[in-house]
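Below is one structure, written out as structure tokens; comments come after it.
These numbers come from a predicted model, not from an experiment. Computed over heavy atoms, backbone and side chain alike; hydrogens, waters and symmetry mates excluded. In what follows, chains carry the letters A, B, and so on, assigned in the order in which the sequence lines appear, proteins first and then strands, with residues in each chain numbered from 1.
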Amino acid sequence: MIPVEFYLVVSTLLFFIGVFGFIARKNLVGVLMSIELILNAVNINFVAFNRYLFPGQLEGYIYSLFVIVVAAAETAVAIAIIMNIYRRKGNETVNSIKELKN
Amino acid sequence: MEIVELLTANNIIFVLLSMVILAGGLLSVLTEKLMHAAFYLFLTLVGIAGLYLHMNYEFLAAAQLSVYAGGILMLFIFAIVLVHRIGENSESVSCKKKGWAAIASFSGAVLVLATLFIYGNFANCPAADAFTESEVNMKLIGTTLLGTGKNQYLLPFEATGILLLACIIGALVIANKEKEEK
């Protein structure tokens with residue numbers, strides 16, 4: 001069988017790929033996609049630990065279900081905000097929001 | 001261990017799935033066009049659903065496919081089509097920023113992996129040969145999600161419902177066009 005470390009390695013790599021995108025992307029939709037990658041990496045960890053350590057219980061399973069639901073809610077609100085920004089500014093890059101800077 | 005022993009169907013499926021996940025994530029982060037990034041994100045999400053199926057968590061795989069690959073990705077594509085001018089490469093990120101991001105994420109990954117392999121003690125972790133035996137049936141999931149006892153999750157479930165309602169109303173209010181401004 002596959003040891004649990006392999007799942008952890010996959011999820012670590014995916015998490016830091018998401019971190020890279022979060023820092024390097026300029027477009028707000030791209031930043032949001034990187035956040036989805038990070039959330040999915042965390043989900044893999046929850047599910048793998050639940051499967052290997054407590055196969056009779058469902059804690060990590062339910063937790064990752066809730067993570068999926070909250071990610072969906074967050075994406076809907078964030079896309080509404082991005083569309084509002086686009087309507088006001090004309091573009092959707094990270095640098096276009098700086099009202100609070102001064 | 002012999003290399004032939006490692007070539008079981010389980011291991012091959014796991015390696016293929018993790019390659020799909022990592023390649024999809026990497027391409028989704030690195031590609032210039034946002035529509036392509038959405039497609040690569042789809043590959044990653046489907047690979048993760050396959051990983052859940054591989055662990056015998058059918059309901060979670062179905063939820064992942066329907067909510068992530070079906071719902072959230074559709075939202076992304078809508079947002080790209082509505083907001084973004086197609087065919088225009090919006091990414092003109094400076095190489096300096098990309099370099100710093102690569103250094104930060106690479107060092108973070110090295111740190112976490114080193115911690116995992118130096119301090120991680122998985123020797124007494126049960127080798128989950130019992131994947132097929134301990135199948136999670138829907139009845140157990142339902143009673144866990146909607147029960148009020150110990151290790152049962154009715155209250156978070158209801159709180160999630162309130163969160164979704166608030167999120168629907170909030171998204172409508174935020175995305176609403178304000179006509180009186182014009």
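If you measure heavy-atom distances from B:F78 to chain A, you find no contacts under 4.5 Å at all. The contact between A:I81 and chain B is made by backbone and side chain atoms together, counting heavy-atom distances below 4.5 Å. Both the backbone and the side chain of B:I21 come within less than 4.5 Å of a heavy atom of chain A. For B:L45, the part lying near chain A is the side chain, with the backbone staying farther off; criterion is any non-hydrogen pair under 4.5 Å. With a 4.5 Å cut-off on non-hydrogen atoms, B:L163 touches chain A through its side chain but not through its backbone. Looking at A:A78, neither its backbone nor its side chain comes within 4.5 Å of chain B, counting heavy atoms on both sides. With a 4.5 Å cut-off on non-hydrogen atoms, B:A38 touches chain A through its backbone and its side chain both. A:I44 touches chain B through backbone and side chain together, each having a heavy atom under 4.5 Å away. Looking at B:F59, both its backbone and its side chain come within 4.5 Å of chain A, counting heavy atoms on both sides. In this structure, chain B has no heavy atom under 4.5 Å from any part of A:F22. Contacts of B:L116 with chain A are made by side-chain atoms alone, with heavy-atom separations under 4.5 Å and no backbone atom involved.
Listed by chain and number, the residues in a side chain to side chain contact (heavy atoms under 4.5 Å, CB included) with B:T160 are A:F66, A:V69 (sequence neighbours excluded).
Using a 4.5 Å cut-off on side-chain heavy atoms (C-beta onward), B:Y68 and A:L39 make contact. B:L140 has its side chain within reach of A:L58: a pair of non-hydrogen atoms, C-beta onward, lies under 4.5 Å apart. Considering only heavy atoms from C-beta on, A:Y61 stays 4.5 Å or farther from B:T144 through its side chain. Counting heavy atoms from C-beta outward, B:Q64 and A:V47 have side chains that stay 4.5 Å or more apart.
Between the CG atom in B:L82 and the CE atom in A:M83 there is a gap of 4.5 Å [rounded to 0.5 Å].
No other option in A:L37, A:V70, A:V19 has as many heavy-atom pairs under 4.5 Å with chain B as A:L37.
For residues 9-45 of chain B, the ring pair (Phe, Tyr, Trp, His ring centres under 6.0 Å) pairs, not counting sequence neighbours, are A:Y7-B:F14.
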